[in-house]
4 protein chains.
Amino acid sequence: MAKPNVISKNELIRSAKKCLVKNGIEKFTLRAVAETAGVTQGTVYYHFRTKEQLLLDIVKDICGSSWDELSKSDGNIIKQAIETAKSRCSHDSFFHKLFLTLVVSGFHNDKIREQLEGIILQENKALAENLLKIWPSSPIKGISLDTWAIILNAVVDGIALQALLSKNFPVEKTYAELEKLFIALSGLQEVENK
Amino acid sequence: MAKPNVISKNELIRSAKKCLVKNGIEKFTLRAVAETAGVTQGTVYYHFRTKEQLLLDIVKDICGSSWDELSKSDGNIIKQAIETAKSRCSHDSFFHKLFLTLVVSGFHNDKIREQLEGIILQENKALAENLLKIWPSSPIKGISLDTWAIILNAVVDGIALQALLSKNFPVEKTYAELEKLFIALSGLQEVENK
Amino acid sequence: MAKPNVISKNELIRSAKKCLVKNGIEKFTLRAVAETAGVTQGTVYYHFRTKEQLLLDIVKDICGSSWDELSKSDGNIIKQAIETAKSRCSHDSFFHKLFLTLVVSGFHNDKIREQLEGIILQENKALAENLLKIWPSSPIKGISLDTWAIILNAVVDGIALQALLSKNFPVEKTYAELEKLFIALSGLQEVENK
Amino acid sequence: MAKPNVISKNELIRSAKKCLVKNGIEKFTLRAVAETAGVTQGTVYYHFRTKEQLLLDIVKDICGSSWDELSKSDGNIIKQAIETAKSRCSHDSFFHKLFLTLVVSGFHNDKIREQLEGIILQENKALAENLLKIWPSSPIKGISLDTWAIILNAVVDGIALQALLSKNFPVEKTYAELEKLFIALSGLQEVENK
DNA sequence: GATGAATGAGCTTTCATTCAT
DNA sequence: CATGAATGAAAGCTCATTCAT
């Protein structure tokens with residue numbers, strides 16, 4: 001009955017992520033993961049010794065893809081960032097649902113929390129570096145580029161949160177005006193630099 | 001054996017909130033609520049017909065207090081808002097943990113989601129109204145006051161999220177510089193108004 | 001569906017002892033206990049929070065009965081003791097199977113081991129006290145009554161072990177000759193006392 | 001990937017015995033055996049077609065060594081026997097733990113029980129033969145040498161059992177006095193023989 | 001009103017066993 | 001020979017829910 005090598009760890013993680021977003025962490029059962037992946041429960045357990053480990057592997061997987069995405073960035077980082085951010089906050093954004101679910105899970109699991117903290121720190125750092133390319137100095141005196149990065153990241157997450165809660169959230173409008181804000185800030189800088 | 005009225009619904013809700021933050025939604029059990037409140041499972045069940053109902057009552061309770069707080073606001077709304085926001089985002093802020101936990105719970109429970117949506121909408125509205133008091137018009141052309149409210153709220157939630165994930169998050173510094181940003185924006189407006 | 005008060009803890013322990021002897025510790029499952037008692041697994045768990053606790057309660061129950069039996073002893077203690085011992089070592093003696101099963105279980109569970117240690121100590125003590133009644137002094141110089149008690153107890157357990165292993169073990173013959181040994185020892189004492 | 005003959009059946013049995021004593025029969029798993037031996041589960045399975053077979057092979061292994069030991073005996077058999085017996089009953093005697101574990105296992109597995117019965121019978125027989133060397137006739141009338149053998153064996157097992165249960169069991173004292181008992185009995189015989 | 005014994009479905013986890021490689 | 005991925009049945013355990021008292 002044992003069919004060797006029918007499934008890979010990555011396929012299982014993909015199935016698990018689907019389940020997590022579909023059923024929520026409250027009903028995130030290994031049985032569901034197994035069914036989604038088309039294997040038995042025993043198989044899931046063979047690959048991840050515990051449920052917690054599977055959850056952690058999901059988080060690590062996300063960290064990995066997050067890192068990949070960041071390292072690809074170039075050129076007009078901001079425009080691109082806004083584009084990405086916007087894509088993440090459609091009303092049922094897979095990514096942000098997964099992310100927030102894991103964040104909440106991290107409140108009671110330090111291993112998970114630390115991994116997520118790593119993502120945030122990386123994102124903030126990448127953002128600060130990219131800001132440096134377009135803002136030789138901060139557009140407003142007294143606000144460091146690091147803080148700008150924190151704030152921008154916070155805005156993106158906060159908007160995503162609102163969008164996930166509210167079916168009628170004006171994603172387009174908000175991001176359009178957010179871009180104006182950004183342009184205005186960039187303009188300020190030129191003024192100051194004179 | 002039955003003791004009349006030994007516990008009120010509100011006490012149970014308070015215990016339930018404690019449990020929710022302490023154990024997370026994954027381990028939020030009625031037995032834990034009962035033990036925390038010092039009653040039996042049956043008693044919890046007597047007051048809330050189902051577990052979902054208890055969760056919903058927690059959400060409503062939060063909505064209520066949120067509303068109370070908003071209606072008290074006056075005078076220098078911004079400074080006060082920042083103060084409130086800051087207090088909510090210490091590394092283990094009870095409020096934001098509870099809020100985010102419920103948000104995630106709301107992903108798969110429309111009743112909860114709608115209640116939380118209501119909170120957000122109210123907060124945004126209250127914020128917009130208060131902004132009007134200090135900003136007769138938007139400091140940056142093309143950005144409506146409603147959008148400003150959305151953005152400000154998003155920043156607060158997003159920063160709280162980062163603070164909850166990161167033990168070393170620079171809460172003080174971030175909020176100090178955020179205030180500068182706000183002052184600068186207010187300054188902009190005066191310029192434009194001339 | 002919930003029928004209150006259909007079973008008592010003692011009934012459950014009785015069923016559990018039956019299961020333990022019938023299936024052995026390897027297959028001692030709470031499901032089997034529940035079935036034997038005619039209740040659901042949940043009920044077993046309601047009364048004993050874990051499997052280990054149930055096992056421990058069985059041990060305590062045995063300690064209790066052991067103690068009761070000891071305190072009833074009087075008159076010709078030895079004859080009676082031999083009778084009891086003999087009854088315990090028929091080829092499938094419930095008592096000794098249970099006892100040895102728990103002893104082995106105690107090898108990896110200190111709580112169980114300590115309880116059983118208590119039984120042995122009590123038995124040895126009771127035996128020593130009763131020996132004193134019939135042997136004012138030890139029949140053989142250099143052997144304390146405490147040691148006699150240990151040895152006698154050991155003989156009884158050791159014979160039971162052999163009887164449990166061997167279907168053809170000569171219980172009657174062995175105990176008959178053991179009694180002769182005892183009488184001979186008592187005779188020795190009188191000689192020495194002169 | 002297959003490495004030829006990296007492990008022998010005997011090594012596996014040795015590992016299995018370790019596991020059995022370390023974890024007890026309740027947690028005696030093939031995975032643990034495999035890990036202890038440093039091979040995979042499949043390998044254990046390759047050598048012993050079932051778990052039961054492995055257990056049986058352990059029992060046979062013990063029978064073998066038991067037999068070896070008996071056949072080596074000579075000279076002052078009693079003194080040596082007591083020495084051996086004493087060595088087996090330190091508080092965590094590997095041998096007696098293993099033996100008792102298997103005895104209990106034998107309660108529900110006739111193949112195991114029969115093997116162990118064989119050991120006991122052999123031991124009793126060897127003991128009777130050796131007693132004959134030093135006791136031309138029984139020191140007490142009416143007690144056959146066979147019964148003496150049974151009783152002596154029983155004492156040894158019974159004492160070991162008490163020692164395994166009780167950390168403070170007076171092994172030295174008990175065996176010293178047991179030897180005195182033996183010497184006294186031998187003295188009796190000489191008297192009778194006159 | 002309040003209790004707590006009982007339920008039963010479903011959870012995570014374990015494990016002997018199989019089998020293609 | 002040996003492996004190790006996969007299985008599936010069954011284990012221990014949890015929990016929302018019910019109900020007689």
Side-chain angles (χ1 to χ4, degrees), chain A residues 1-9 12 26-34 37-54, chain B residues 1-8 26-34 39-54, chain C residues 1-9 12 26-34 37-54, chain D residues 1-8 26-34 39-54:
Chain A
M1 311 212 166
K3 306 173 205 159
N5 246 345
V6 304
I7 199 157
S8 75
K9 227 165 166 166
L12 283 174
E26 293 162 87
K27 288 175 190 165
F28 176 62
T29 71
L30 298 195
R31 180 169 307 182
V33 174
V39 296
T40 61
Q41 285 186 65
T43 304
V44 179
Y45 266 86
Y46 179 78
H47 288 281
F48 312 89
R49 308 278 294 225
T50 66
K51 185 184 184 181
E52 199 201 334
Q53 188 57 50
L54 171 53
Chain B
M1 308 216 168
K3 302 170 198 166
N5 225 355
V6 295
I7 198 150
S8 75
E26 294 161 87
K27 288 175 189 163
F28 177 62
T29 69
L30 297 194
R31 177 190 290 184
V33 175
V39 297
T40 62
Q41 283 188 66
T43 305
V44 178
Y45 236 81
Y46 178 79
H47 287 281
F48 311 90
R49 313 279 303 194
T50 68
K51 184 185 183 182
E52 201 201 335
Q53 189 56 49
L54 170 54
Chain C
M1 312 217 166
K3 305 171 203 161
N5 246 346
V6 302
I7 200 157
S8 75
K9 227 165 167 168
L12 283 175
E26 294 163 288
K27 287 174 191 164
F28 177 62
T29 70
L30 298 195
R31 182 166 308 182
V33 174
V39 297
T40 61
Q41 283 187 69
T43 304
V44 179
Y45 267 88
Y46 179 79
H47 288 281
F48 312 90
R49 308 278 294 225
T50 66
K51 183 185 183 181
E52 199 201 334
Q53 189 56 51
L54 171 53
Chain D
M1 308 214 166
K3 303 171 197 165
N5 226 356
V6 296
I7 197 151
S8 74
E26 295 160 85
K27 286 174 191 164
F28 177 62
T29 71
L30 297 194
R31 178 190 288 183
V33 175
V39 297
T40 61
Q41 283 188 66
T43 304
V44 178
Y45 235 81
Y46 178 80
H47 287 282
F48 311 89
R49 313 278 304 193
T50 67
K51 183 185 184 183
E52 201 201 334
Q53 189 57 50
L54 171 53

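Here the structure is a predicted model, which means the values were calculated and not measured. Naming convention: chains lettered A, B, ... in sequence-line order (proteins, then strands); numbering from 1 in each chain.
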For this session: Look at all strands and tell whether D:Phe48 reaches a base, only sugar-phosphate, or nothing, counting heavy atoms closer than 4.0 Å.
Result: nothing
Starting from [atom2] on [N], measure out to [atom1] on [X] and report it in whole angstrom.
{"X": "B:Lys51", "N": "F:dT17", "atom1": "NZ", "atom2": "C1'", "value": "12 Å"}
{"X": "A:Gln53", "N": "E:dT13", "atom1": "CD", "atom2": "C1'", "value": "15 Å"}
{"X": "D:His47", "N": "E:dA16", "atom1": "NE2", "atom2": "C1'", "value": "17 Å"}
{"X": "D:Leu54", "N": "E:dC15", "atom1": "CG", "atom2": "P", "value": "15 Å"}
{"X": "A:Glu26", "N": "E:dT12", "atom1": "CD", "atom2": "P", "value": "13 Å"}
{"X": "C:Phe28", "N": "F:dA10", "atom1": "CZ", "atom2": "P", "value": "19 Å"}
{"X": "C:Tyr45", "N": "F:dA11", "atom1": "OH", "atom2": "P", "value": "11 Å"}
{"X": "D:Gln41", "N": "F:dC1", "atom1": "CD", "atom2": "C1'", "value": "17 Å"}

Problem set entry | Upstream residue (5' side of DNA chain E) when C:Ser8 and A:Leu30 are each assigned their closest nucleotide | C:Ser8
For this session: Between C:Gly42 and A:Thr29, name the one whose nearest nucleotide on DNA chain E is closer to the 5' end.
Result: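 Whichever sits nearer the 5' end wins; that is C:Gly42.
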For this session: Look up atom NE2 in B:His47 and atom CD in B:Gln53, then write down how far apart they are to the nearest 0.5 Å.
Result: 13.5 Å
For this session: First locate atom CD of D:Glu26, then atom CZ of C:Phe28, and finally report the distance between them rounded to the nearest 0.5 Å.
Result: 9.5 Å
Exercise. According to the Watson-Crick and G-U wobble definitions, with both distances under 3.5 Å, which nucleotide is paired to E:dA20?
Worked result: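 Answer to the pairing question: F:dT3, which forms a Watson-Crick or G-U pair with E:dA20.
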For this session: Sort out the partner of F:dT14 for me: Watson-Crick or G-U wobble, both distances under 3.5 Å, none otherwise.
Result: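 F:dT14 is paired, partner E:dA9.
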Exercise. Side-chain N or O of C:Arg31 less than 4.0 angstrom from OP1 or OP2 on F:dA11?
Worked result: yes
Exercise. Does a side-chain N or O from D:Tyr46 land closer than 4.0 Å to OP1 or OP2 of F:dA2, or not?
Worked result: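 False: D:Tyr46 side-chain N/O out of range (4.0 Å or more) of F:dA2 OP1/OP2.
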Problem set entry | Which atom of C:Val44 lies closest to which atom of C:Leu30, heavy atoms considered |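 That would be CG2-O, 4.3 Å.
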Problem set entry | Closest non-hydrogen atom pair, A:Tyr45 against A:Thr50 | CE2-CA, 4.1 Å
Problem set entry | Nearest-nucleotide comparison on DNA chain F, the residue closer to the 5′ end among B:Thr50 and A:Gly38 |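 Here A:Gly38 is the residue nearer the 5' end.
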For this session: Would you indicate which nucleotide in F:dG4, E:dG8, F:dA6 comes nearest to any side-chain atom of C:Thr40?
Result: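 Closest of the options to the side chain of C:Thr40: E:dG8.
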Exercise. Do C:Lys9's NZ or CZ and the ring of C:Phe48 fall within the cation-pi criteria of under 6.0 Å and 45°?
Worked result: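 Yes, a cation-pi geometry holds between C:Lys9 and C:Phe48.
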